[in-house]
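A short worksheet on the structure shown next.
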Protein chains: 2
Amino acid sequence: MVAVDLVLLTIRQAALHVLLVRRGIPPFLGQWALPGGFVLPDEDLFVAAERELREETGVSAGAGHLEQLATYGAPGRDPRGRVFAVAYLALVPDLPVPVAGSDAASASWQPVPATGLAFDHDTILADGLERARSKLEYTPLATAFCAPSFTIAELREVYETVWTTRLDPRNFHRKVTSAEGFIEPTGETVIRERGRPAQLFRRGSATLLHPALLRPGSSA
Amino acid sequence: MVAVDLVLLTIRQAALHVLLVRRGIPPFLGQWALPGGFVLPDEDLFVAAERELREETGVSAGAGHLEQLATYGAPGRDPRGRVFAVAYLALVPDLPVPVAGSDAASASWQPVPATGLAFDHDTILADGLERARSKLEYTPLATAFCAPSFTIAELREVYETVWTTRLDPRNFHRKVTSAEGFIEPTGETVIRERGRPAQLFRRGSATLLHPALLRPGSSA
DNA sequence: ACCCTTTATCGTCAGTGTGACGACAACGAT
DNA sequence: ATCGTTGTCGTCACACTGACGATAAAGGGT
């Protein structure tokens with residue numbers, strides 16, 4: 001018995017949100033849980049995670065980011081019997097469609113931290129958050145939260161939201177533009193709300209950041 | 001059907017070695033494979049990995065390091081049917097006893113890279129190596145390869161072996177001694193073969209290195 | 001005893017990344 | 001035109017890094 005569970009994160013209204021579903025069947029009936037389901041016979045693990053992602057959000061994995069997180073197999077974690085959960089971490093841009101075609105009783109984006117989840121999903125969510133925070137440091141993963149083209153300020157807001165910190169706009173600008181292959185200018189500019197027009201960028205080809213953007217406060 | 005497989009690494013004769021077992025039963029009879037076995041009913045995943053480690057080496061997990069690596073579940077990876085493998089990465093010091101009490105037909109330390117392994121174990125081994133190399137950068141994990149007390153030169157040899165690089169002894173010395181909580185002096189000194197006596201250290205209490213020891217060559 | 005080799009440890013110096021912050025550019029609103 | 005707001009570039013002191021010189025403390029050979 002192997003299931004795939006999804007820690008599906010996005011940024012809405014300048015806050016980090018996780019997709020939760022209300023359970024329509026026992027156990028934990030009525031409680032919130034991470035979306036997930038059993039792996040089909042002859043289905044690859046990653047493919048199963050992609051399927052879950054598509055079913056819950058309608059996005060194909062190409063737009064955002066999907067990676068394996070960890071596997072949870074404590075004997076008592078599911079009252080129905082021995083069930084192993086392979087958790088995946090998914091990061092997607094803020095979707096225009098607010099969760100379409102979900103097969104659960106109800107699904108909704110909820111701000112993190114969310115607690116009191118079914119099974120051991122509190123732990124899985126915490127692990128997913130820590131992975132996401134950590135990966136922003138040394139990979140260009142923050143772009144997975146953004147639309148195909150974005151401004152540096154929008155990218156900075158991703159970091160500020162996930163890390164719950166404030167970052168200096170000038171230093172941030174310098175660092176992301178000097179990190180080889182992080183972002184590429186599209187040549188266009190755009191005006192967001194107020195102020196001087198900003199350049200638009202798309203994600204670059206790098207898979208690792210050099211130099212990394214370290215979280216502040218870790219040294220002092 | 002869930003199995004636990006072990007990427008068990010150690011350093012012998014200044015080279016990185018992985019523990020492999022020769023399969024005594026089909027499938028892949030006679031081929032080398034990572035040690036592993038099925039998870040018992042009511043057995044925790046981590047406990048199963050610890051049990052494997054103890055059965056293969058006689059060491060309790062306390063001495064070295066044991067962490068979950070990833071889970072592999074491609075439909076065709078095991079000819080016998082659908083088997084998921086939860087891989088664990090173990091790092092242990094060079095053991096005086098050369099693999100005692102193994103239940104496999106034969107087990108032996110083999111230098112990495114080793115190829116031609118059974119199942120998808122080539123991939124699992126490669127993933128384990130990359131994880132180990134990466135974790136040396138920002139965690140004090142290198143001490144897991146060392147005896148309880150060790151010299152800085154021995155610690156440096158760990159880095160040089162795992163990264164297959166040469167490191168400047170003077171810069172390395174400066175970095176490990178200035179990284180808060182990495183290593184603590186025991187007060188004793190010891191003479192290894194030739195040269196001036198070296199101070200002995202034990203592992204410190206830090207779980208993260210500040211600043212990190214980055215692999216050379218990644219920037220240029 | 002004296003040199004020589006080897007290994008451990010400390011210092012120096014230039015180059016680079018970083019945080020704090022000043023300055024200016026380019027928009028909308030008044 | 002002026003102001004507030006946001007984007008972008010520059011400057012400076014400081015920390016960390018790599019390259020490498022210098023010294024300390026052992027053993028071996030003569």
Side-chain angles (χ1 to χ4, degrees), chain A residues 14 136-138 146 149-160 163 165-202 206 208-220, chain B residues 14 136-138 146 149-160 163 165-202 206 208-220:
Chain A
L136 288 206
E137 292 193 330
Y138 56 94
C146 297
S149 69
F150 50 86
T151 68
I152 293 189
E154 288 163 350
L155 187 61
R156 177 165 47 83
E157 279 170 36
V158 170
Y159 277 90
E160 293 181 335
W163 285 349
T165 339
R166 311 258 53 171
L167 298 172
D168 185 294
R170 298 158 291 187
N171 290 337
F172 184 82
H173 188 280
R174 188 216 315 147
K175 284 159 96 158
V176 296
T177 51
S178 69
E180 200 83 14
F182 190 0
I183 55 175
E184 299 172 349
T186 66
E188 299 169 271
T189 62
V190 72
I191 300 171
R192 308 280 200 214
E193 310 296 327
R194 286 178 292 278
R196 170 174 167 178
Q199 287 185 61
L200 280 176
F201 295 83
R202 61 175 147 263
L208 247 38
L209 293 188
H210 269 294
L213 280 86
L214 297 177
R215 272 178 278 189
S218 39
S219 58
Chain B
L136 287 206
E137 293 192 329
Y138 56 95
C146 297
S149 68
F150 50 87
T151 68
I152 292 189
E154 286 163 351
L155 187 61
R156 176 165 46 84
E157 278 171 37
V158 170
Y159 277 89
E160 293 181 337
W163 286 348
T165 341
R166 311 257 54 173
L167 299 173
D168 186 294
R170 297 158 293 186
N171 291 337
F172 184 83
H173 188 280
R174 189 216 312 148
K175 286 160 95 158
V176 296
T177 50
S178 68
E180 200 83 14
F182 190 1
I183 55 175
E184 300 171 349
T186 66
E188 298 169 273
T189 62
V190 72
I191 301 171
R192 309 279 201 214
E193 311 295 328
R194 286 177 292 277
R196 170 175 166 178
Q199 287 185 61
L200 280 175
F201 295 83
R202 60 174 148 262
L208 247 38
L209 293 188
H210 268 294
L213 280 87
L214 296 178
R215 271 178 278 189
S218 39
S219 57

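Lettering of chains follows the sequences in order, A, B, ..., and the numbering in each one begins at 1.
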Practice task
Heavy atoms under 4.0 Å is the rule here; annotate nucleotides 13-22 of chain C 5' to 3' with B where the base is hit, S where only the sugar-phosphate is, and - elsewhere.
Solution key: ----SBBBBB

Completion exercise
Whether each nucleotide of nucleotides 3-8 of chain C has a protein heavy atom under 4.0 Å at its base (B), only at its sugar-phosphate (S) or at neither (-) is summarised, 5' to 3', as ---BBB

Can you confirm whether [X] sits close enough to [Y] that some side-chain heavy atom of one is under 4.5 Å from a side-chain heavy atom of the other?
X        : Y        : value
A/Leu213 : A/Phe182 : yes
A/Trp163 : A/Glu137 : yes
B/Thr151 : B/Leu200 : yes

Practice task
Using whole Å, report how far CD of A/Glu193 lies from C1' of C/dA26.
Solution key: 17 Å

Exercise for the section: Using whole Å, report how far CG of B/Leu167 lies from C1' of D/dC20. Expected result: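 Spelled out: CG on B/Leu167 to C1' on D/dC20 is 16 Å.
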
Handout entry: Atom CD of A/Glu160 with >12 non-hydrogen neighbours under 6.0 angstrom
Key =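 Buried by this count: over 12 neighbours within 6.0 Å.
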
Problem - Any residue meeting side chain to side chain donor-acceptor pair (under 3.5 Å) with B/Arg174, in chain and number order, not counting sequence neighbours - result: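 With neighbours one apart ignored, the set is B/Asn171.
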
Handout entry: Residue pairs, two or more places apart or on separate chains, that pass salt bridge (charged side-chain N to carboxylate O under 4.0 Å, His left out) and touch residues 184-194 of chain A
Key = A/Glu154-A/Arg192, A/Glu184-A/Arg202

Problem - Partner residues of B/Tyr138 under the ring-ring contact (aromatic ring centres under 6.0 Å, His included) criterion, sequence neighbours left out - result: none

Handout entry: By salt bridge (Lys or Arg N to Asp or Glu O under 4.0 Å) - contacts of B/Arg196 (at least two apart)
Key = none

